[in-house]
> 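Encoded as structure tokens, here's the structure I'll be asking about.
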Amino acid sequence: MAAAGHVRSLLALGFSVALSVLFGPVVASAQDADPVLGRQVWQSLANCRECHGWAANGQQELPQQPQGANLRETTLTPADMAEVIRCGRPATEMPYFGGNATWGPNGKCFGMTRAEAGPMMPIKADSSLSDRQISSVVAYIFASLVGKGPITREECDAFFGAGQAKCAGYATAGK
Ligand code: HEC
């Protein structure tokens, strides 16, 4: 009996793999968001920091990149933030991180097709992120950056590891 159950679960697994091959990955919901993955996306899988700064205060890490928005003071909802990351922001230098279909023939961003966006069309980011990576980086941004006020020494130590010279200039929380 155990063997039969095993076969059945293998069949079920095969079936769901076949389904996702046929229909593409099921769109990730916000519940799948993983702040640990989100931190990896923010820290190294995507280049957000180059424009937004490691602590997202809008001070870019790479001087040749455009200055990103201060996400610590964002007023976006998590859903709207996810759309900005997936679609980019038309007519600004915020690039889009969604896959090729994002602005494809059937894709719509902010209610617009690529043709409707025309010259406002955002540029494609250096990397593409899955829906799960996007909902995860949104979860990380809301958990660790939004509304946190000035950058603290503790925050810097937690991000880079204690004892880094670059953290010495930040005030300790509450001082
Ligand atoms: C090439 C530079 C660049 C990169 C890379 C970049 N951004 Fe941006 N981002 C911008 C700019 C510039 C804006 C401001 C757009 C505007 O003027 O409204 C922005 C705006 C945003 C906003 C809207 C904030 C608000 O409150 O309206 C979010 C959210 C955001 N970026 C998240 C991200 C995330 C997450 C990543 C990495 C996955 C990322 N950005 C990568 C340049 C960048």
Side-chain angles (χ1 to χ4, degrees), residues 24-104 106-152 154-161 164 166-167 170:
V26 179
V27 172
S29 63
Q31 290 81 39
D32 296 326
D34 171 358
V36 176
L37 172 64
R39 183 186 158 109
Q40 288 165 356
V41 171
W42 180 263
Q43 229 167 2
S44 54
L45 295 179
N47 63 343
C48 318
R49 292 167 52 187
E50 290 180 7
C51 302
H52 288 275
W54 66 269
N57 64 344
Q59 184 146 23
Q60 72 270 49
E61 279 184 26
L62 287 192
Q64 65 270 31
Q65 286 284 36
Q67 186 168 3
N70 181 346
L71 304 182
R72 301 171 80 86
E73 295 176 358
T74 189
T75 55
L76 293 177
T77 62
D80 288 345
M81 181 177 286
E83 188 170 29
V84 172
I85 298 168
R86 194 172 66 83
C87 295
R89 181 169 275 167
T92 76
E93 293 183 280
M94 172 62 193
Y96 71 96
F97 286 86
N100 289 331
T102 307
W103 284 97
N106 302 316
K108 275 213 167 186
C109 279
F110 308 105
M112 285 184 290
T113 63
R114 178 184 279 262
E116 284 160 351
M120 294 186 309
M121 178 66 200
I123 62 161
K124 184 148 181 32
D126 291 352
S127 52
S128 294
L129 298 174
S130 67
D131 287 340
R132 181 157 180 271
Q133 287 173 320
I134 292 173
S135 57
S136 295
V137 77
V138 169
Y140 168 73
I141 290 167
F142 275 91
S144 304
L145 301 167
V146 174
K148 298 295 181 197
I151 303 168
T152 62
E154 286 85 346
E155 185 180 353
C156 188
D157 285 344
F159 194 84
F160 291 108
Q164 301 281 330
K166 67 180 126 200
C167 293
Y170 295 108

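The figures here come from the full heavy-atom set of this structure, side chains too, leaving out hydrogens, waters and symmetry mates. Read the numbers this way: they start at 1 and go in the same order the structure lists the ligands and their atoms. Just so you know, residue 1 is the first one in the sequence shown, and it goes up from there.
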> Using a 3.5 Å cut-off on N/O to N/O, what pairs does ligand 1 make with the protein? A line per pair would be great.
from, atom 1, to, atom 2, distance (Å)
ligand 1, 7 (N), His52, NE2, 2.8
ligand 1, 9 (N), His52, NE2, 2.9
ligand 1, 18 (O), Arg89, NH1, 2.7
ligand 1, 26 (O), Thr74, OG1, 2.5
ligand 1, 27 (O), Arg89, NH1, 3.0
ligand 1, 27 (O), Arg89, NH2, 2.9
ligand 1, 31 (N), His52, NE2, 2.8
ligand 1, 40 (N), His52, NE2, 2.7

> Under the salt bridge (charged side-chain N to carboxylate O under 4.0 Å, His left out) definition, can you give me all pairs with a residue in residues 79-98, not counting sequence neighbours?
none
> Is a side-chain N or O of Ser135 found less than 3.5 angstrom from the main chain of Arg132, in a donor-acceptor match?
yes
> Is there side-chain contact between Phe97 and Gln133, with heavy atoms separated by less than 4.5 Å?
no
> Please tell me if the side chains of Trp103 and Pro122 come closer than 4.5 Å, counting only heavy atoms from C-beta onward.
yes
> Per the salt bridge (charged side-chain N to carboxylate O under 4.0 Å, His left out) rule, what does the pair list look like for residues 63-74, sequence neighbours excluded?
Arg72-Glu155
> Could you list all the salt bridge (charged side-chain N to carboxylate O under 4.0 Å, His left out) pairs where at least one residue sits in residues 50-61, not counting sequence neighbours?
Arg49-Glu61
